[in-house]
Enquirer: 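Sharing a structure, written as structure tokens. Questions coming.
All figures in this text were calculated on a predicted structure; none of them were measured in a lab. FYI, the numbering just counts along the sequence from 1. Every number for a ligand or one of its atoms is a count from 1 in the order of the listing.
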Amino acid sequence: MLQIKSINTYYGDSHILQGVDLHIPVGKAVGLLGRNGMGKTTLIRTLMGYVPTASGQVDWHRRNVTGSTPERMARLGIGYVPEGRGIFPNLSVRENLIMSARPGVNGRQDWTYDRVLSTFPRLKERLEHGGQQLSGGEQQMVAIGRALMTNPELMILDEATEGLAPLIVQEIWRVIGEIRRTGISTLIVDRNYKAVLNNTDSAVVMEKGRIVMAGESSELAHSSDALKRFLGV
Ligand SMILES: Nc1ncnc2c1ncn2[C@@H]1O[C@H](COP(=O)(O)OP(=O)(O)OP(=O)(O)O)[C@@H](O)[C@H]1O
Ligand SMILES: [Mg+2]
């Protein structure tokens, strides 16, 4: 479904992504692992069109979409929950969710306002709260809920559990499971590599802008020496 081929990305003179390939098959969950600063967010920002790619190609359903704007990528069916959440602080929870609502590209409407609220019951009690009045966990729920309201084919979650209390983290992983069960593909970045491997079909490890390991998540879970080396865990 999403195929990234030999992507090279620079920030100024720094060569950040150095020939990255990544494939996300329809309906599959893919984990993206790597220590701080290895290029995970840059890869996501490149494929979403926030950062221009110097060379390489992004294909979506076998169509070349390299260089598309983030708006176009979203319209094509990619829901993106960025690091640091990015909800609208001046809008209420209700407004944040409603303004994102639309059927999926394929006409699917699995994720409605009501379904998002029953998935995150905590938000029901805070519908009129503004973004600033929410806890970090609640903001993350709104961010995920907003992406779901677009009925995406692919959800990208960059550090969705960062800085959240253990119970909320559990809650987020539960929702990621539910997202997978509705057939949405996922690309998941998270510091907890065990949780990533438990919740994905396959995974890749990035080091200094390159993919240095890739495989089925269940198999990678047994390569603990290599994981320790690359992840510093
Ligand atoms: N806007 C930017 N301008 C210049 N350099 C940047 C910018 N954003 C990131 N970098 C650099 O690019 C490299 C990759 O950063 P990136 O954010 O992609 O890493 P990451 O794997 O997502 O790390 P983290 O786990 O900390 O989120 C780092 O060396 C970082 O310092
Ligand atoms: Mg990052």
Enquirer: Non-hydrogen atoms of Arg191 versus ligand 1: any pair closer than 4.0 Å?
Expert: yes
Enquirer: For ligand 1, does Arg45 get within less than 4.0 Å through its side chain, its backbone, both, or neither, judged by non-hydrogen atoms?
Expert: neither
Enquirer: Look at atom 28 (C) of ligand 1 and say which protein heavy atom is nearest, naming residue and atom and giving the distance to 0.1 Å.
Expert: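 For atom 28 (C) of ligand 1, the nearest protein heavy atom is Gly37 O, 3.5 Å.
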Enquirer: Within the stated cut-off of 2.8 Å, is an N/O/S atom of Thr41 closer than that to the Mg ion (ligand 2)?
Expert: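 Yes - counting backbone and side chain alike, Thr41 has an N, O or S atom under 2.8 Å.
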Enquirer: Which residue owns the protein heavy atom closest to atom 6 (C) of ligand 1, what's the atom, and how far is it?
Expert: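 For atom 6 (C) of ligand 1, the nearest protein heavy atom is Tyr11 CD1, 3.2 Å.
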Enquirer: Below 4.0 Å from any atom of ligand 1, is there a heavy atom belonging to Met206?
Expert: no
Enquirer: Run the contact test for Ser14 against ligand 1 with a 4.0 Å cut-off on heavy atoms, strictly below, and give the result.
Expert: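 Judged by the 4.0 Å heavy-atom criterion, Ser14 does not count as contacting ligand 1.
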Enquirer: Could any protein non-hydrogen atom be found less than 4.0 Å from atom 31 (O) of ligand 1?
Expert: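 No, because not a single protein heavy atom sits under 4.0 Å from atom 31 (O) of ligand 1.
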Enquirer: Short list, please: which atoms of ligand 1 are under 4.0 Å from a heavy atom of Thr42?
Expert: 14 (C), 15 (O), 16 (P), 18 (O)
Enquirer: Using distance alone, determine whether Gly34 and ligand 1 share an N or O pair under 3.5 Å.
Expert: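 Such a contact does not occur with ligand 1.
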Enquirer: With under 30° as parallel and over 60° as perpendicular, where do the rings of His15 and Tyr10 fit, or are they tilted in between?
Expert: parallel
Enquirer: Any salt bridge between Arg174 and Glu178, counting N to O under 4.0 Å?
Expert: yes
Enquirer: Going by heavy-atom distance to atom 17 (O) of ligand 1, choose the closest among Val189, Thr41, Leu32.
Expert: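 Shortest heavy-atom distance from atom 17 (O) of ligand 1: Thr41.
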Enquirer: Who's closest to atom 25 (O) of ligand 1 heavy-atom-wise, of Glu83, Glu207, Lys40?
Expert: Lys40
Enquirer: State whether any protein heavy atom lies less than 4.0 Å from atom 13 (C) of ligand 1.
Expert: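 Protein heavy atoms within 4.0 Å of atom 13 (C) of ligand 1 - there is at least one.
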Enquirer: Starting at CD of Glu138, measure out to CD1 of Ile87 and round the result to the nearest 0.5 Å.
Expert: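 Interatomic distance, Glu138 CD to Ile87 CD1, rounded to 0.5 Å: 9.5 Å.
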Enquirer: Just let me know how Asn36 lines up against ligand 1, side chain, backbone, both or neither, with a heavy-atom cut-off below 4.0 Å.
Expert: both
Enquirer: Asp201: what forms a salt bridge (Lys or Arg N to Asp or Glu O under 4.0 Å) with it, not counting sequence neighbours?
Expert: Arg180
